[in-house]
Number of protein chains: 2
Amino acid sequence: MAKKQSKKEIIIQEAAIIFKQKGYAATSMRELAEKVGMEAASLYNHIRSKDEILEEICFKVANQYVSHISSIEDTKESNIQKLRDLIQLHVRMIIADPNEVSVANNDWKNLSETKKELYKTIRKGYEKRIANLIKAGIEAGEFKDLNVSVALFTLLSSLRWIELWYKPGRDISPEQLENDLMTLLINGFQK
Amino acid sequence: MAKKQSKKEIIIQEAAIIFKQKGYAATSMRELAEKVGMEAASLYNHIRSKDEILEEICFKVANQYVSHISSIEDTKESNIQKLRDLIQLHVRMIIADPNEVSVANNDWKNLSETKKELYKTIRKGYEKRIANLIKAGIEAGEFKDLNVSVALFTLLSSLRWIELWYKPGRDISPEQLENDLMTLLINGFQK
DNA sequence: CCTACCGATCGGTAGG
DNA sequence: CCTACCGATCGGTAGG
């Protein structure tokens, strides 16, 4: 699979695993170093600070979501189909990068003040675009006349939660997961 | 409102606010002490440890959920109505105790090893009871034939997320919130 | 990439 | 409820 990973990439990958398990603040650089197989001090030859690791994870994830939503918006499909595409995007992101998605979702609060503001701005922009999709669906008569905020956050939460319990070893395949989620959500939304 | 709150209750209440904002691990006892209006050392006249505060919050919340679900199970109503009751329970718990519910949901990982196991056991028991409700609904032909796990976690996640964005100051009342959530979820579930 | 080590801060205690 | 303080651990640096 992954062929030529830099030490920095390995550090960030291992960090995501530990951060997901116990949280960013509760994880020490010494513990991370042990996992990577070096002394804590040696980590700093590859990364600038503990902060930096969190930043890399959070913004990598955020940027991936943002870049994918553009292509969904640009299709000429129905809003219900765009909703389907969005559900699929989230399921696949979580399956592809479960640890990093989890850390971004749970530990962005621990970003430095300026980075935290930036993160919130990006996330708000993303949410706004989904809200517009929902609004368009309602106006087109495709969706029920729901409060847009409630619909938006019910949708996002249903998608976010996957990261907290879905493990490939479970009794359900990614395809089944996508299908059942779509059934539940689309029937909830559809008029 | 609250008339005779002990110092311990005040400490726990303030702790829940800070823990929600920055997370348990990132909150220091000195910061908590300042909020309560005393020195850090003085906190220990009212509480045994930082751990204890987290335990009190997590298990208070967990026990409240568990105690309420019994009365929902015991009614002779349809499964769809029980689902409605469950949605209402979660909305009201979040509105009544937003900070403590949030901390229980986000920071239980920071409980001591034994307490964490206990918490997980309680939570699994709770989830099992909701899963049984969903199964009963499917068998009775009231709900769609969905994968029970997907239905369970989509439901729980939709309910959990409220805590992360709902503020009473928002443009939507608790009643509207309950109604729209029910519309979305019931239509997703209902056959 | 390691040894050695820094200042800061942590949760918590002693003693009043 | 405070002053004074503890040992432990934290993120991070110097120097090789």
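Below, chains carry the letters A, B, ... as their sequence lines are ordered, and counting in each starts from 1. Small disclaimer: the values here were computed from a predicted structure and weren't measured.
- By the 4.0 Å N-to-carboxylate-O rule, Glu127(B) lies too far from Lys124(B) to be salt-bridged with it.
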Letter by letter from the 5' end, nucleotides 3-15 of chain D scores (B base, S sugar-phosphate only, - none; protein heavy atoms under 4.0 Å) BB-----BBBB--
For residues 23-30 of chain B, please give each side-chain donor-acceptor pair under 3.5 Å, one per line with the distance, not counting sequence neighbours.
{"from": "Tyr24(B)", "atom 1": "OH", "to": "Asp51(B)", "atom 2": "N", "distance (Å)": "3.3"}
{"from": "Tyr24(B)", "atom 1": "OH", "to": "Asp51(B)", "atom 2": "OD1", "distance (Å)": "3.2"}
{"from": "Thr27(B)", "atom 1": "OG1", "to": "Gly23(B)", "atom 2": "O", "distance (Å)": "2.7"}
{"from": "Ser28(B)", "atom 1": "OG", "to": "Glu31(B)", "atom 2": "N", "distance (Å)": "3.1"}

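- In summary, the side chains of Asn63(A) and Ser67(A) do not present any donor paired with an acceptor at a separation below 3.5 Å, with no hydrogens or angles considered.
- Met93(A) places none of its side-chain heavy atoms less than 4.5 Å from the side chain of Glu163(A).
- Geometrically, Arg123(B) engages Trp108(B) in a cation-pi contact, judged by NZ or CZ lying under 6.0 Å from the ring centre and within 45° of the ring axis.
- At distances below 3.5 Å, not a single donor-acceptor pair connects side-chain atoms of Ser102(A) with backbone N or O atoms of Pro98(A).
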Using a 3.5 Å limit on both pairing distances, list the dot-bracket string of DNA chain D from the 5' end; Watson-Crick and G-U wobble pairs count, crossing pairs take [ ], interstrand pairs take |. ||||||||||||||||
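- Aromatic ring pairs are classed by plane angle as parallel below 30°, tilted from 30° to 60° and perpendicular above 60°; the pair His90(A) and Tyr65(A) is tilted.
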